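Heads up: the structure comes next, in structure tokens.
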2 protein chains.
Amino acid sequence: MVVRDLDEALDVVRREGHRVTASRRLVLEALLSADAPVSAEAIATGLDGRLPSSDLASVYRNLETLGDLGLVRHIHAGHGPGRYLLAGEQDREYLACESCGRLEAVEADALADVRAAIRELSGFEARFSHFPIVGRCRDCARGG
Amino acid sequence: MVVRDLDEALDVVRREGHRVTASRRLVLEALLSADAPVSAEAIATGLDGRLPSSDLASVYRNLETLGDLGLVRHIHAGHGPGRYLLAGEQDREYLACESCGRLEAVEADALADVRAAIRELSGFEARFSHFPIVGRCRDCARGG
DNA sequence: ATACTTGCAAATGATTTGCCAGTGT
DNA sequence: ACACTGGCAAATCATTTGCAAGTAT
């Protein structure tokens, strides 16, 4: 399910028997306009005022609903709150820098060798889509 | 700092100007007798009654103190509480199965190739010692 | 009209902190 | 003695849940 624009996503919502509400629209607009995964809190405040705001509990409920519909997913990168993103970027995974907090996007294919190397160890199937690889990005590794 | 027995660890505690107390002893004994990383809660209950119990807040404070002394470390494996272990197993890292919850220990060396492959991507230095690799173990991957 | 949703408050789980009485050294 | 600790309650952070009032269909 690749989400490219708001109407397409709202169609899915309606088609699956859910209602199109302001809160739901906000969540999708926020994710559509964000250039990186964002927290539920950030969505609830309308990305700091750039969009209308909504109740945090409703945002969480809607993130879950939209997740069930396959429109949204989220990642847990190190400490801090979960970060949500559109499922459209299904083939994109992240490297989380524990120093500067940035998420570095990589194509899932690029991690194929990594997954294979881990599978060799004991048949373990690594999944980085929900719990990304944590470490230090190039800049932070160089710095301190 | 490789911890092999209680007295050795307590010597470090004293040497660094900290006091040897029942709660501190409990934390170390629990970690010494556990065969896998355990939660603060499990330590506070004396591994379910096998050892004397202690206040949860004290356990957390002691885990932090012992961590500062380099005697203890902890990992965040998927959802759920953090799991603590002796720093003696410094060279041991874990693969966390999100299906059955088990932690599979692997020698850090075994992940050298994995780390190298990730470094190739963008100079990112992966660190699995604090946020382990999450996925499904061989048994769960086969099952469902 | 009516089931799905919202907003607000209260509950949860993990962890932290304030405070004062207790105790290693 | 005295600063370091422990116990207990209350605070925090992220997230979930209960419930009555609101609204999309």
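The shown structure was predicted, so the numbers you read here are calculated from the model rather than taken from an experiment. All chains are named by letter (A, B, ...) in the order of the sequence lines, taking the proteins before the strands, and each is independently numbered beginning at 1.
- Nucleotide C:dA14 holds its P atom 15 Å from the NE2 atom of A:His79, rounded to whole Å.
- Here the side chain of A:Arg25 pairs no donor or acceptor atom with the backbone of A:Leu6 at under 3.5 angstrom.
- Rounded to a whole Å, the CD atom of B:Glu16 is 15 Å from the C1' atom of D:dC4.
- Less than 6.0 angstrom separates the ring centroid of A:Phe131 from the ring centroid of B:His79.
- B:Phe124 belongs to a hydrophobic cluster whose remaining members, ordered by chain and number, are A:Leu95, A:Val106, A:Leu111, A:Val114, A:Ile118, A:Leu121, A:Phe124, A:Phe128, A:Ile133, B:Leu95, B:Val106, B:Leu111, B:Val114, B:Ile118, B:Leu121, B:Phe128, B:Ile133; membership requires side-chain heavy atoms of ILVMFWY residues under 4.5 Å apart, directly or through intermediates.
- Look at CG on A:Asn62: it is 11 Å from C1' on C:dC4, rounded to the nearest Å.
- Residue B:Asp55 contributes atom CG, which lies 14 Å from atom C1' of C:dC20 at whole-angstrom precision.
- Side-chain contact check for A:His76 and B:His76: no donor-acceptor pair (N or O, by modelled atom type) lies under 3.5 Å.
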Q. Reading nucleotides 15-25 of chain D from the 5' end, what letters show protein touch, with B for base, S for backbone sugar-phosphate only, - for no heavy atom under 4.0 Å?
A. BBBBB---BBS
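- Electrostatic pairing of A:Glu98 and B:Arg127 counts as a salt bridge here, judged by a charged N lying under 4.0 Å from a carboxylate O.
- Between B:Ser54 and D:dG6, a side-chain N or O to OP1/OP2 separation shorter than 4.0 Å is absent.
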Side chains of residues 33-44 of chain A: which donor-acceptor partners sit under 3.5 Å, not counting sequence neighbours?
from    : atom 1 : to      : atom 2 : distance (Å)
A:Ser33 : OG     : A:Glu29 : O      : 3.2
A:Ser33 : OG     : A:Ala30 : O      : 3.3
A:Ser39 : OG     : A:Ala42 : N      : 3.0

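- Between B:Leu63 atom CG and C:dT15 atom P the separation is 10 Å, expressed in whole Å.
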